[in-house]
There are 2 protein chains.
Amino acid sequence: MIRRPTLAVVAEVAGVSLKTASRVLNREPNVAAATRERVLDAAASLGFRRNAVAADLARGGFSRLVGFITGDLANEFYSALASGIERELREHGLQLLTASSDEDPERESSLTGELLERRVGALIVTPAGADHSALRGEIAAGLTVVVVDRPAAGMDVDTVVIDNRGGTRAAVEHLLAHGHRRIAFVGDEPHLWTYQERSDEFLAAMRDAGVSDAERWVRSGAHSAAAARDLVVELLDARHGQARHGQARHGQARDGQAPEPPTAVLAANNRATVGTLQALRDAPGGDGVAVVGFDDFELADLLGITVVAYDAVEMGRRAAELAVARSADPDRPVELVVLPTRVVARGSGEREPR
Amino acid sequence: MIRRPTLAVVAEVAGVSLKTASRVLNREPNVAAATRERVLDAAASLGFRRNAVAADLARGGFSRLVGFITGDLANEFYSALASGIERELREHGLQLLTASSDEDPERESSLTGELLERRVGALIVTPAGADHSALRGEIAAGLTVVVVDRPAAGMDVDTVVIDNRGGTRAAVEHLLAHGHRRIAFVGDEPHLWTYQERSDEFLAAMRDAGVSDAERWVRSGAHSAAAARDLVVELLDARHGQARHGQARHGQARDGQAPEPPTAVLAANNRATVGTLQALRDAPGGDGVAVVGFDDFELADLLGITVVAYDAVEMGRRAAELAVARSADPDRPVELVVLPTRVVARGSGEREPR
DNA sequence: TTGTAGGCGTTATCAT
DNA sequence: ATGATAACGCCTACAA
């Protein structure tokens, strides 16, 4: 195991000083063409490879690495983000360091620590917890932080999100336009920002359409497809309808009001969509119910599922872009990027109510 | 933008030498308890964070980073790999640096270079090209390389693959057991190792079952769902059958033989599966055709698709494990890990031929 | 255009 | 148990 040649060796072989060799290999100006040649030849013949570790240390401050802390890399949404981030970073000569928090705030903060030890120039985060005290200190100390997907409460940092409200409203209006009034909303955990945005706007849109008691059909807890499936099965069961569900906040039956099953479902995330489809397949009274899902997914096309789609790769790219911009100019105003969504009609959302 | 406190500062505040502070923070033995306390206090109060860049440089040789060069991070298979890799690396205090080659050999080699500059301790690669001359030199120089998914031709390195032949044979036998004899094989690009393994074994299994002319139903080029769809539509069109397809190597019609459409399709990768399903939905004569897909996917369950499944996250984990093991002992024998596959019956593969 | 000196923040060696 | 001192490989001044 021979040691790699260093810049000093290259310089010696080329018969120049270390600094001159450095200049050549960094494409700095003010080097005679002949000298450049000699250095390049020497480097090539030695198989020289600059040591980015040493370079970063010498330069001081941050390394040319950017950290990405995600909920779970195996999740297609996060990996799409990672893909967009990596692509953009490369344009700027930066490398991506990824770490999965498993949506665990504690793990998130320990990962943050590890990445900071690596002196990442920026941290791109899909915040798991609500407490970002650790990060706040770092930001004050000059760390660039960009959050994606959900804003970080109480932290004034660059943020990239999608237009959750716009997408939700478009979905609701799409269903309303096809004649639906009894529309159910099946969402993830209520504490998630995206849940709140989407459910709030769902209710607002319904209210604007003259449906004032849409709360009856709002359900949360669809963190997995299985949970979503159960929620929808229950919704479809007209005999119990809304009253049975555990979440008193939303599910209250109004006295004397006939429980009616929804004719359409707005599934507020991709797992909810899958669960909803399972429920519609399995439960009596499931067919004919319209579905619009938030988040596009690969087979939505084949399945004919109407969705609210957006570009996750672009989201990642924009986040990386913000990270780079802020690193270059720490004083620039904080930016909030809101990416558009669009309804992609594929059949499931265009069924008329029976 | 204040500079971070260094170990020297911590030592000074604690009233000890730099080396002692270092010992404490690295949990080295031979430090008096009282001294340890003082150093820990100083570090905490200063908000000290070790600089991994400097540490790696001082230690010399490799950094505590591992590189992963993948075809496309946005692809769910690769991101599953990345997830498994990252999880395993973390156990060993290593961090993951990811880079996407877009399956472009040229890009793969430039990424390799960038990662090597970062002095990664190991490189985990899903090899895109056939030429790995650059890597070979590095391996000779002591770099740990592990390849995943496909072996690297002409390089004797640790490898993790799935049992492509076993999975293929199981799928074929599954279909044979349900009465199919006219089974089509729809695969990716012929130059891919996985294609070769799967198509070879397909033919062997068919031959073993007494079907000697299964080549008639072998198709390649299903790199995208759309391409796969076209291939299957053509296969189903009994009037032209196999003769029409451009790939003379496989598709030759035998003179005087009646063209018969297949009663079952073995889709050799997940995109091929999607395309096949689209074709069966759209083309006349498509329904009733049995399908088994290689690679499991999220909605296979909902769609009732029988697949050859395996654990991609585990694949990544094993690769990382090998990388760690070899870094620790460069002289250990090269290992080839073959992960098992299993047929998951969900309906589409159990249809009897009409 | 080229070179010299000093330092980046650790870890390793070898004393004490 | 502790500490001085020299690497590690490069870059940034600042000369020449």
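Lettering of chains follows the sequences in order, A, B, ..., and the numbering in each one begins at 1. Quick note: numbers below take in every heavy atom, side chains included, and nothing from hydrogens, waters or symmetry partners.
Residue whose closest nucleotide on DNA chain C sits further toward the 5' end, between B:Leu57 and B:Arg23: B:Leu57. Nearest-nucleotide positions on DNA chain D for A:Arg59 and A:Arg4 put A:Arg4 closer to the 5' end. Toward the 5' end of DNA chain D, the nearer of the two residues B:Ala54 and B:Asn30, judged by each one's closest nucleotide, is B:Asn30.
One can place CG of A:Leu7 at 10 Å from C1' of D:dC11, the figure rounded to the nearest angstrom.
Counting any heavy atom pair closer than 4.0 Å across all strands shown, A:Asn51 reaches sugar-phosphate atoms only and no base atom. Residue-level contact check: B:Val53 touches neither bases nor backbone, having no heavy atom under 4.0 Å from any strand.
Here C:dT11 is the nucleotide among D:dT12, C:dT11, D:dG9 with the atom lying nearest to any side-chain atom of B:Asn26. If you check D:dA13, C:dC8, D:dC10 against the side chain of A:Ala55, the one that comes closest is D:dC10. For A:Thr20, the side-chain atoms get nearest to C:dG3 when compared with the rest of D:dC8, C:dA12, C:dG3. Of the candidate nucleotides D:dG3, C:dT10, D:dC11, D:dG3 has the atom lying nearest to any side-chain atom of B:Ser17.
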Could you walk me through whether A:Arg50 and A:Leu25 pass the side-chain contact (heavy atoms from CB on, under 4.5 Å) test, one step at a time?
CA-CA 8 Å; A:Arg50 65 131 33 88; A:Leu25 272 62; 5.6 Å; no
For A:Ile85 and A:Leu96, what are the C-alpha separation, side-chain angles and deciding distance, and is it a side-chain contact (heavy atoms from CB on, under 4.5 Å)?
CA-CA 8 Å; A:Ile85 291 171; A:Leu96 177 63; 3.9 Å; yes
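Between B:Arg64 and A:Glu114, no side-chain nitrogen of the basic residue sits less than 4.0 Å from a carboxylate oxygen of the acidic one, so the salt-bridge criterion is not met.
For the 3.5 Å distance criterion, the side chains of A:Ser22 and A:Asn26 qualify, holding a donor opposite an acceptor. In the model, A:Gln95 has a side-chain atom that pairs as donor or acceptor with a side-chain atom of B:Arg118 under 3.5 Å. In the model, B:Ser17 has a side-chain atom that pairs as donor or acceptor with a side-chain atom of B:Thr20 under 3.5 Å.
DNA chain D lies under 4.0 Å from at least one heavy atom of each of the following residues of residues 32-50 of chain B: B:Ala32, B:Thr35.
Between the axis at the start and the axis at the end of the helix from C:dT1-D:dA16 to C:dT16-D:dA1 there is an angle of 30°, using five pairs per end and rounding to 10 degrees.
Look at A:Ser22 and you won't find any side-chain N or O under 4.0 angstrom from OP1 or OP2 of D:dC10.
When B:Glu88, B:Glu91, B:Glu86 are each tested for a side-chain hydrogen bond (donor to acceptor under 3.5 Å, both in side chains) with B:Arg317, only one passes: B:Glu88.
Of all heavy-atom pairs spanning B:Ser45 and B:Ala42, the tightest one is OG-O, 3.0 Å.
Looking at A:Arg119, its side chain has no donor and acceptor atom pair within 3.5 Å of the base of C:dG9.
Within a 6.0 Å radius of CZ in B:Arg59, other residues, nucleotides and ligands contribute more than 12 heavy atoms.
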